[in-house]
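Please read the structure below before turning to the comments.
The first residue in the sequence is number 1, and the count goes up from there.
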Amino acid sequence: MRRKLIAGNWKMNCLKNEGLALAKAVFDKTNGDLPFDVLICPPMSLLGQIAALPHKIGVGAQDVAVAPKAMGAFTGDVSAEMVKDLGATHTIVGHSERRAMHGETDAVVRAKAERAIDAGLTVVICVGETLAEREAGRALPVVTAQIRGSVPEKATAENCVIAYEPVWAIGTGKVPTTADVAEIHGAVRAELKKVLGTDIADKMRILYGGSVKPSNAKELLSVSDVDGALIGGASLKVEDFWAIAETQF
Ligand code: PGA
């Protein structure tokens with residue numbers, strides 16, 4: 001049985017007071033024993049302070065440097081080792097906003113995933129098709145190619161999680177049908193089997209992301225091969241984030 005993972009991606013939101021208050025509110029909710037895992041990914045500016053608060057859940061970064069070294073002349077970058085050193089357990093890589101706005105290719109995403117794994121982090125690798133790709137009937141080949149290109153050979157079910165996030169569903173309030181989600185998640189797992197073998201692929205968690213809300217979470221999270229959610233907007237309000245998590249009790 002794959003344990004579900006409820007993950008929040010705060011993106012570039014929250015100044016210090018707001019971010020610390022949100023993190024504390026999530027930590028309060030997640031104090032007891034839960035039947036699922038929880039992860040929050042605050043902005044890098046707050047990661048260290050939030051990770052230093054008492055908590056029982058995962059705290060992750062939203063990105064790590066692609067640089068081949070843990071330290072060096074890479075102005076503005078923060079390495080996976082530095083993220084780990086702040087107390088983080090996870091990092092996201094390859095979010096569509098980074099693929100689109102920072103020109104990150106599958107090769108870059110894969111290299112970042114390797115750095116994260118080498119540093120001892122669990123990496124959440126994002127994939128997903130654009131609206132034009134979906135409308136052209138190319139969602140499946142696009143996503144499976146991203147899996148082949150972005151998932152490193154050293155990925156295991158413990159150090160890697162996949163997040164399928166259709167780009168057109170992110171922050172738009174639009175969500176794919178449950179049949180479409182099932183189709184892509186099934187194809188992602190089949191591709192993972194080819195890349196990593198059946199054992200690892202069967203255990204690896206595949207999250208759905210893109211406009212997950214309290215009102216649609218139960219349905220989306222009950223689709224076969226959906227092992228959790230990566231939540232953007234709704235992770236910024238503890239009531240909404242927790243209402244999504246609560247569907248999994
Ligand atoms: P959203 O974002 O929940 O606001 O659509 C999801 C994401 O980008 O990870």
Side-chain donor-acceptor contacts of residues 56-82 below 3.5 Å, not counting sequence neighbours, with atom names and distances?
from	atom 1	to	atom 2	distance (Å)
K56	NZ	N31	O	2.7
Q62	NE2	K11	O	3.0
Q62	NE2	C41	O	3.0
Q62	NE2	P42	O	3.2
D63	OD1	K112	NZ	2.9
D63	OD2	R98	NE	3.2
D63	OD2	K112	NZ	3.2
S79	OG	A70	O	2.8
S79	OG	M82	N	3.2

**Message:** If you count heavy atoms of other groups shown closer than 6.0 angstrom to NZ of K29, is the number above 12?
**Reply:**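 Open: at most 12 neighbouring heavy atoms sit under 6.0 Å from NZ of K29.
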
**Message:** Atom CD of residue position E246 - does it have more than 12 heavy atoms of other residues, nucleotides or ligands inside 6.0 Å?
**Reply:** yes

**Request:** Would you check if there is a donor-acceptor pair between the side chains of E97 and H102 at a distance under 3.5 Å?
**Result:**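 Judged by distance alone, the side chains do not pair up.
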
Ion pair [X]/[Y], N-O distance below 4.0 Å:
X    : Y    : answer
R148 : E191 : yes
D202 : R2   : no
E104 : R99  : no
R205 : D37  : yes

**Asked** With Q146, which residues qualify under side-chain hydrogen bond (donor to acceptor under 3.5 Å, both in side chains), at least two apart?
**Response**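 Counting only residues at least two positions away or on another chain, Q146 forms no side-chain hydrogen bond (donor to acceptor under 3.5 Å, both in side chains).
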
**Asked** Listed by chain and number, what are the ring pair (Phe, Tyr, Trp, His ring centres under 6.0 Å) partners of F36, not counting sequence neighbours?
**Response** F249

**Asked** By ring pair (Phe, Tyr, Trp, His ring centres under 6.0 Å), which residues pair with F241, not counting sequence neighbours?
**Response** none

**Request:** Just jot down the salt bridge (Lys or Arg N to Asp or Glu O under 4.0 Å) partners of K154, sequence neighbours excluded, or say none.
**Result:** D118

Distance-only criterion, 3.5 Å: show the donor-acceptor pairs between side-chain atoms of residues 228-235 and protein atoms not counting sequence neighbours.
from	atom 1	to	atom 2	distance (Å)
S235	OG	I231	O	3.1
S235	OG	G232	O	2.7

**Item:** Close side-chain approach of H185 to V181, heavy-atom, < 4.5 Å
**Value:** yes

